[in-house]
Amino acid sequence: MKKRIGILTGGGDCPGLNAVIRAAVRTLIQNNNEVVGIQFGFEGLLTNNVVSLTHETIRGILPKGGTLLRTTNRGNPFEYPIIDDGKVRCIDRSAEVIENIRALGLDGVVAIGGDGTLRIAQRLCDMGIPMVAVPKTIDNDLAATDYTFGFMTAVAVATDAVDRLHTTAESHDRVMLLEVMGRNAGWIALYSGMAGGADIILLPEIPYRVDEIVRSIRSRQKEGSKFDIIVVAEGAKREGGEESYLDKSSRRLGGIAYQVAADIAQHIDLEIRVTVLGHIQRGGSPIAFDRILATRFGAAAGQLVQQGEFGKMVALRGEEIVAVPIRDAVSRMKYVDPDGPMVASARGVGISFGDGK
Ligand code: F6P
């Protein structure tokens with residue numbers, strides 16, 4: 001039976017979103033369904049901002065970064081901010097979302113997003129809306145899937161930055177710090193640090209000590225290397241210390257690399273420079289790995305809709321794309337295991353985590 005399906009992207013954007021949209025739309029259209037795009041995530045269901053998605057509208061989007069459907073990391077319908085008497089307070093607009101889904105005649109919604117979007121999807125599912133979810137984030141911190149698309153592209157961009165910093169660090173005998181994203185998970189820092197041959201990697205999962213960073217720089221100096229590359233995850237923190245926020249109220253992380261630089265500057269005589277990679281690692285064209293993973297996720301989401309398997313999220317397990325309950329996906333985050341094999345390999349090649357181990 002022909003279905004009318006909505007697709008939306010929520011939360012921060014990420015390379016590969018368009019590849020998911022394209023694959024899901026193609027799969028659904030091939031099975032004789034009609035597809036509409038909901039703009040700006042769940043917000044589009046409050047404003048009736050929808051567009052028709054056809055072969056024509058999705059043509060050429062596979063390699064493009066960003067999202068054709070636009071996105072926002074605000075506008076959670078369950079906690080929708082309004083200004084009341086000059087103050088911001090949150091109201092529940094989920095009933096309006098449900099009403100609009102019904103008014104649009106949607107038989108299901110595919111939500112592509114990170115933990116925030118997936119939580120909203122689960123709550124709407126509990127209220128009777130047929131939802132299928134696709135996990136996305138450059139942070140790779142969702143436990144239900146081995147990898148999220150966008151992560152490897154962010155790693156590739158960060159690795160390129162490490163490579164570029166290497167040559168200039170070496171020319172000037174400088175300590176170069178590179179701050180990368182990832183929220184409270186150190187995956188981007190760990191992968192790009194290893195791929196780029198960093199000397200020190202600072203992760204949220206392994207609190208660092210300034211004396212250990214200094215010791216590691218001095219020991220390289222003794223061996224004749226007068227430059228250092230330090231990759232710092234934005235969520236990294238000093239032993240007994242706290243994360244560095246650009247804006248504490250919205251919990252926007254940033255600036256930790258400047259703190260590390262200031263702390264070590266008191267103890268070493270090398271020049272120090274800081275680079276904060278920022279949104280460069282989130283924009284642009286997805287690398288082949290992410291295009292393929294995103295395409296597989298989009299196709300699998302389309303198939304779940306076709307089979308009427310709602311309340312599920314697509315996930316990568318080994319070589320397989322599987323369907324897991326959205327509830328499971330939002331219940332556990334995935335962090336770097338300080339005693340795990342990745343960290344052990346890094347330590348094995350002499351990378352310091354600033355913890356003295
Ligand atoms: O979750 C993706 C991410 O890019 C994080 O790595 C980063 O902390 C955050 O989003 C940045 O958010 P915004 O785009 O709102 O500044």
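Numbers here are sequence positions counted from 1. Both ligands and their constituent atoms are indexed starting at 1 by order of listing.
- Near ligand 1, residues N73, I138, D139, M181, G182, R183, E234, R252, H279, R282 come within 4.0 angstrom through at least one heavy atom.
- Residue-environment remark: CD (E56) exceeds the threshold of 12 foreign heavy atoms within 6.0 Å.
- Atom CZ of R251 is surrounded by 12 or fewer heavy atoms from other residues, nucleotides or ligands within 6.0 Å.
- Minimum heavy-atom separation, R22 to L62: CD-CB, 3.7 Å.
- Classified by interplanar angle (parallel below 30°, tilted 30° to 60°, perpendicular above 60°), the ring pair Y147/F151 is parallel.
- Checking D126 against Q122 by side-chain atom types alone, a donor-acceptor pair falls below 3.5 Å.
- By the 4.5 Å side-chain criterion applied to Ile, Leu, Val, Met, Phe, Trp and Tyr, V274 is assigned to a cluster that also includes V175, L177, I200, L202, Y208, V210, I213, V214, I217, I230, V232, I256, Y258, V260, I264, I268, L270, I272, V276.
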